[in-house]
Amino acid sequence: VQLQASGGGLVQAGGSLRLSCAASGRRFSNYNMGWFRQAPGAEREFVAAISRNGGNTYYADSVKGRFTISRVNAQNTVYLQMNSLKPEDTAVYYCAARIGAGLATTDSGYNYWGQGTQVTVSS
């Protein structure tokens with residue numbers, strides 16, 4: 001499956017952005033999906049994950065209550081709605097697809113990656 005992330009940009013602290021990740025190739029509903037991010041000089045970190053049918057989600061503590069992951073299988077797209085953004089949310093955001101069962105919070109749990117989209121939050 002090929003993944004294309006979009007929707008990043010520059011926003012002021014307290015603002016909102018919605019990231020999209022469009023999938024093409026194999027059947028999208030076969031994959032559990034995740035979002036990760038990588039800030040300059042830092043390792044890539046888990047942000048959120050969603051199950052194949054959208055029934056289960058999981059969030060990093062740092063974004064819980066501010067970010068929402070969702071998906072529309074008919075549109076082969078997963079979203080990340082980001083509200084109440086903080087400067088520390090500044091990073092390149094990546095979407096990823098997982099073949100295995102269940103949700104995963106580590107890089108190694110995902111099989112396919114998108115190219116990343118830059119999110120910059122100014123103070």
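The figures that follow rest on heavy atoms only: side chains count, while hydrogens, waters and symmetry mates do not.
Two residues are said to be in side-chain contact when any heavy atoms from C-beta on lie closer than 4.5 Å; Met82 and Val11 fail this criterion. For the pair Trp35/Val78, a side-chain contact is recorded, criterion being any heavy-atom separation below 4.5 Å from C-beta on. Under the 4.5 Å side-chain criterion, counting only non-hydrogen atoms from C-beta, Met33 is in contact with Phe28. Side-chain contact between Leu85 and Phe67 is present, with heavy atoms from C-beta onward closer than 4.5 Å. The closest side-chain heavy-atom distance from Leu3 to Tyr94 is not below 4.5 Å. Within the 4.5 Å cutoff, side-chain heavy atoms of Thr90 are placed close to those of Gln118.
Proximity of a side-chain donor or acceptor of Gln115 to a complementary backbone N or O of Gln4 within less than 3.5 Å is not detected. Counting only distance, with no hydrogens or angles, the side chain of Asn32 and the backbone of Leu103 share no donor-acceptor pair below 3.5 Å.
A side chain to side chain donor-acceptor pair (under 3.5 Å) check over residues 9-21, counting only residues at least two apart or in different chains, returns the pairs Ser16-Asn83.
Smallest separation of non-hydrogen atoms from Arg27 and Ser29: NE-OG, 3.1 Å. Annotation for Pro87 and Ala13: closest pair CD-CB, 4.1 Å, computed over non-hydrogen atoms. Between Tyr110 and Ala104, the shortest heavy-atom contact is OH-O, 2.7 Å. For Ala23 against Val1, the heavy-atom pair with the smallest separation is CB-CG2, 3.8 Å.
Atom CG of residue Asn30 and atom CG of residue Asn73 lie 9.5 Å apart, to the nearest 0.5 angstrom. Taking CG of Asn111 as the start and CZ of Arg98 as the end, the distance is 7.5 Å to the nearest 0.5 Å. For the atom pair CD (Gln81) and CG (Leu17), the distance works out to 8.5 Å, reported to the nearest 0.5 Å. Taken from CZ in Phe36 to CG in Leu80, the straight-line distance is 12.0 Å, to the nearest 0.5 Å.
Tyr112 and Ile69 fall within the same hydrophobic cluster, where Ile, Leu, Val, Met, Phe, Trp and Tyr residues are linked whenever their side-chain heavy atoms come under 4.5 Å apart, directly or through other members. Val121 and Leu19 fall within the same hydrophobic cluster, where Ile, Leu, Val, Met, Phe, Trp and Tyr residues are linked whenever their side-chain heavy atoms come under 4.5 Å apart, directly or through other members.
Look at Asp61 and Lys64 and you find a salt bridge, because one of the NZ, NE, NH1 or NH2 atoms lies within 4.0 Å of a carboxylate O, short of that distance.
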Side-chain donor-acceptor distances from residues 40-51 under 3.5 Å, at least two apart:
| unit_1 | atom_1 | unit_2 | atom_2 | d |
| --- | --- | --- | --- | --- |
| Arg44 | NE | Asp107 | OD2 | 3.2 |
| Arg44 | NH2 | Asp107 | OD2 | 3.3 |
| Glu45 | OE2 | Arg37 | NE | 2.6 |
| Glu45 | OE2 | Arg37 | NH2 | 3.1 |
| Ser51 | OG | Asn53 | OD1 | 3.2 |
| Ser51 | OG | Gly55 | N | 3.2 |
| Ser51 | OG | Asn56 | N | 2.9 |
| Ser51 | OG | Asn56 | O | 3.4 |

*Please step through side-chain contact (heavy atoms from CB on, under 4.5 Å) for the pair Tyr31 and Ile99, ending with a clear verdict.*
CA-CA 5 Å; Tyr31 299 93; Ile99 296 172; 3.6 Å; yes
